[in-house]
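Below is one structure, written out as structure tokens, with a few remarks after it.
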2 protein chains.
Amino acid sequence: MLSKKSQYAFKALTYLSEKFNEGPVLISEIAAKKKIPIKFLESILLELKKADILDSKKGKGGGYFLKQRPEKVKVATVIRLINGPIAMLPCVSLYFYERCKNCNEKHCGLHDMMIEVRDATLGIVENRTLKDLLV
Amino acid sequence: MLSKKSQYAFKALTYLSEKFNEGPVLISEIAAKKKIPIKFLESILLELKKADILDSKKGKGGGYFLKQRPEKVKVATVIRLINGPIAMLPCVSLYFYERCKNCNEKHCGLHDMMIEVRDATLGIVENRTLKDLLV
DNA sequence: GCATAGCCTACCAAGTCTGTGGACTACTTA
DNA sequence: TAAGTAGTCCACAGACTTGGTAGGCTATGC
């Protein structure tokens with residue numbers, strides 16, 4: 001399951017995608033429109049900024065805005081950043097790989113199956129962007 | 001990600017699948033062979049028994065054993081029982097559904113996408129059983 | 001130089017995950 | 001029927017994660 005934090009991140013990013021090229025948007029505006037606890041949202045946006053997805057401006061007329069065009073930001077990137085691994089097992093994860101003790105990956109049915117699940121999921125989330133989330 | 005508990009559950013079930021029709025297997029034997037903390041394993045097996053996947057016998061010559069044939073136990077069932085929802089969002093889950101506030105499910109890009117992910121995943125785990133985990 | 005608005009640090013309550021310990025109960029065998 | 005075996009149940013506990021809150025600091029614009 002995606003954490004609430006991830007869901008908030010997607011809501012905020014969707015909102016910022018709609019407002020793309022309209023200048024900085026206040027944290028408070030996003031929080032109000034998307035009903036997200038403001039201080040929690042603040043930390044999420046900061047994380048997205050550090051990952052180069054968002055940029056911000058301080059002071060009057062400031063706020064947050066997308067650093068890249070919505071169609072350049074992959075859903076998979078956001079999930080990995082805020083939620084963590086997409087795969088169901090560490091020994092099957094591409095970005096968070098950890099070797100599996102007591103399961104030689106060559107002969108493990110669960111392993112093989114989870115690779116299939118991973119690839120099926122990646123086939124979707126690697127090929128969608130923020131733009132695809134707008135309806 | 002699957003919890004360690006889930007991974008232990010699959011290891012134990014795989015072992016019991018191999019020993020299907022050979023009579024009860026001791027918790028301690030499973031724990032030793034699969035390197036699972038014995039008391040933790042105990043609670044997992046009990047949970048699987050309460051879900052009618054395993055059965056047990058007390059006293060000498062006792063132990064745990066599969067209640068149904070390995071090919072009758074779906075991987076999806078075990079994941080839902082031990083790990084929880086398979087879907088990435090509550091508003092998209094079949095067995096753990098919860099309505100999504102602030103996201104009318106008719107017009108939510110994230111929602112639609114996560115339905116695709118869910119179906120892709122279910123397409124795999126609903127059609128595999130313990131038997132498929134044996135190599 | 002003052003108001004604005006993001007930045008940063010610290011903290012916290014609740015819940016989940018991964019276990020451990022110990023007493024109790026049911027069953028088998030002698 | 002007593003002894004020993006093996007699952008059942010209950011309580012707890014430490015580490016980590018989740019979902020937040022509070023408040024001061026810093027940069028910006030007018």
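From a predicted model like this one, the values you see are computed outputs, not experimental measurements.
Between the B:D112 side chain and the B:G109 main chain, no donor and acceptor come within less than 3.5 Å of each other.
Counting heavy atoms from C-beta on, the side chains of B:Q7 and A:C91 never come closer than 4.5 Å. Side-chain contact check for A:F10 versus A:V75: some heavy-atom pair is nearer than 4.5 Å.
Of the side-chain N and O atoms in A:K57, one or more sit less than 4.0 angstrom from OP1 or OP2 of D:dG29. For D:dG20, one of the phosphate oxygens OP1 or OP2 lies less than 4.0 angstrom from a side-chain nitrogen or oxygen of A:Y8.
Counting only N and O atoms by type, the side chains of B:S6 and B:S3 include a donor and acceptor under 3.5 Å apart.
Nucleotide C:dC2 holds its C1' atom 17 Å from the NZ atom of A:K58, rounded to whole Å. Here C:dT20 presents its C1' atom at 14 Å from CG of B:L41, a figure rounded to the nearest Å. We find that CZ of A:F40 is positioned 16 Å from C1' of D:dA22, with the value rounded to whole Å. In this entry the distance linking CD of A:E42 with P of D:dT26 reads 16 Å, nearest Å. Here C:dT25 presents its C1' atom at 19 Å from NZ of B:K60, a figure rounded to the nearest Å. Straight-line distance from the CD1 atom of A:I30 to the C1' atom of C:dG6: 12 Å, rounded to whole Å. We find that NZ of B:K49 is positioned 12 Å from C1' of D:dA6, with the value rounded to whole Å. Atom-to-atom, CD1 of A:I27 to C1' of C:dT4 comes out at 12 Å; the value is rounded to the nearest Å.
Side-chain proximity of A:L46 to C:dT18, D:dC9, C:dC8: nearest is C:dC8. The side chain of A:K39 lies closest to D:dA22, out of D:dA22, D:dC9, D:dG20. Candidate nucleotides C:dG6, D:dG7, C:dG19 were compared by shortest atom distance to the side chain of B:L26, and D:dG7 ranks first.
Annotation: of the two residues near DNA chain D, A:S3 and B:G59, the 5′-most nearest-nucleotide partner is B:G59.
On a pure distance criterion of 3.5 Å, no polar donor-acceptor pair joins the side chain of A:K4 and the base of D:dG20.
Using a 4.0 Å heavy-atom criterion, one finds that A:L45 contacts no nucleic acid atom at all.
No salt bridge links B:E47 with B:K50; every basic N to acidic carboxylate O contact stays at or beyond 4.0 Å.
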